[in-house]
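As a basis for the values below, the full set of heavy atoms in this structure was taken, side chains included, without hydrogen atoms, waters or symmetry mates. Residues: numbered from 1 along the sequence shown.
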Amino acid sequence: MTNGSFFAILIGGLLVNNFVLSQFLGICPFLGVSKKLSSAFGMSVAVTFVMLLATAATWPIYTYLLQGELAYLQTIVFILIIAALVQLVEIVLKRFIPPLYQALGIYLPLITTNCAVLGVTILNIDSGYNFGQSLVNALGAGLGFMLAMVMFAGVRERLESAEIPESLKGLPITLVAASIVSVSFLGFQGLFGL
């Protein structure tokens, strides 16, 4: 695989196939943790870290243990690995960055059930990526998640000071804003032939 294709995989995960804005995976933390830029960034770093670790752990396990007769165990094994990694991240944040741990609240353990994390690990296998390509895809997906979270946190911070009609305040304007941000990513379709 050439460096150009690694770049294409990275850009694909970041923009073209953005898990949140193009594939609509990981919407729960996208809507729940994007009220403040600091918590959105912290959650994004945690999700990116878990995506990379999960990919580094699940790719060899699938390739060398599950591929073939045990392939039907893929989803359950991947979920167990992701759950263990999220527990590790939770322990580290609680010990070393308590304010971020408090800010993320219930959304931190929900990374375990974040379909974007599971999605990237399964997509790596389904796309036939080798280990290096899988890590690049996970990094691109994590950075794409971060881009979506940080962009939307900026939008939501602006919405706090905007004059919004009473009928649109709260969740309705959040969903309208999310759909507009998502539509903006349709412009990346066809980029690099992805």
- Does Val45 share a hydrophobic cluster with Val92, counting links as ILVMFWY side-chain heavy atoms below 4.5 Å and allowing steps through other members? no
- Query: If only atom types and distance count, is the side chain of Asn124 paired as donor or acceptor with the main-chain N or O of Tyr129 below 3.5 Å?
  - Reply: no
- Heavy atoms of Phe30 and Ala148 approach each other most closely as CE1-O, 3.5 Å
- Closest non-hydrogen atom pair, Ser22 against Val16: OG-O, 3.3 Å
- Let me know which of Val120, Ile27, Val117 forms a side-chain contact (heavy atoms from CB on, under 4.5 Å) with Phe19. Val120
- Task: Classify the ring geometry between Tyr62 and Phe78 as parallel (under 30°), tilted (30 to 60°) or perpendicular (over 60°).
- Result: perpendicular
- Short side-chain to backbone donor-acceptor contact, Ser34 and Met149, under 3.5 Å: no
- Query: Is Ser161 reaching over with its side chain to a backbone N or O of Arg158, donor-acceptor style, under 3.5 angstrom?
  - Reply: yes
- Note on the structure: Per side-chain contact (heavy atoms from CB on, under 4.5 Å), Pro29 is matched among Val20, Ile111, Val47, Asn114 by Asn114
- Query: Taking Ser184 for the side chain and Val181 for the main chain, is one N or O donor matched with an acceptor at less than 3.5 Å?
  - Reply: yes
- Query: Within the side chain of Thr48, is there an N or O that forms a donor-acceptor pair under 3.5 Å with the backbone of Ser44?
  - Reply: yes
- Query: Counting N and O atoms only, with roles assigned by atom type, does the side chain of Thr121 sit under 3.5 Å from a partner on the main chain of Leu118, one being a donor and the other an acceptor?
  - Reply: yes
- Query: Which atoms form the tightest heavy-atom contact between Leu100 and Gly42, and what is the distance?
  - Reply: CD1-CA, 3.7 Å
- Message: Run the side chain to side chain contact (heavy atoms under 4.5 Å, CB included) test on Leu31 and Phe152 for me, step by step, so that the C-alpha distance in whole Å, both residues' side-chain angles and the decisive distance to 0.1 Å come before the verdict.
- Response: CA-CA 9 Å; Leu31 295 174; Phe152 198 58; 4.2 Å; yes
- Message: What's the separation between atom CE in Met151 and atom CE in Met146, rounded to the nearest 0.5 Å?
- Response: 14.0 Å
- Task: Taking all non-hydrogen atoms of both residues into account, name the closest pair between Ala138 and Leu52 and its distance.
- Result: CB-CD2, 4.1 Å
- Task: Show the numbers, then the answer: is there a side chain to side chain contact (heavy atoms under 4.5 Å, CB included) between Leu139 and Thr55?
- Result: CA-CA 10 Å; Leu139 178 63; Thr55 296; over 6 Å; no
- Task: Working to the nearest 0.5 Å, report the span between OH of Tyr101 and CZ of Arg95.
- Result: 14.0 Å
- Item | Ile91 reachable from Val86 in the ILVMFWY side-chain graph, under 4.5 Å edges | no
- Task: State the CD1-OG1 distance between Ile82 and Thr58, to the nearest 0.5 angstrom.
- Result: 7.0 Å
- Message: Between Ile125 and Leu66, is there shared hydrophobic-cluster membership here, with clusters defined by ILVMFWY side-chain heavy atoms closer than 4.5 Å?
- Response: yes
- Item | Ile97 side, atom CD1; Lys94 side, atom NZ - distance, nearest 0.5 Å | 14.5 Å
- Linked, directly or transitively: Phe185 and Val155 (ILVMFWY side chains, under 4.5 Å): yes
- Item | Heavy-atom pair of closest approach, residues Ala40 and Ala153 | CB-CB, 3.8 Å
- Please check if the side chain of Asn17 supplies one atom and the backbone of Gly13 the other of a donor-acceptor pair under 3.5 Å. no
- Note on the structure: Heavy-atom nearest pair, Ile164 first then Lys169, reads O-CE, 3.3 Å
- Message: Could you measure the distance from the CD1 atom of Ile122 to the OG1 atom of Thr75? Nearest 0.5 Å is fine.
- Response: 4.5 Å
- Query: At what distance, to the nearest 0.5 angstrom, does CH2 of Trp59 lie from CG of Asn137?
  - Reply: 13.5 Å
- Message: Could you see if Phe6 belongs to whatever hydrophobic cluster contains Leu143? Use Ile, Leu, Val, Met, Phe, Trp, Tyr and a side-chain cutoff under 4.5 Å.
- Response: yes
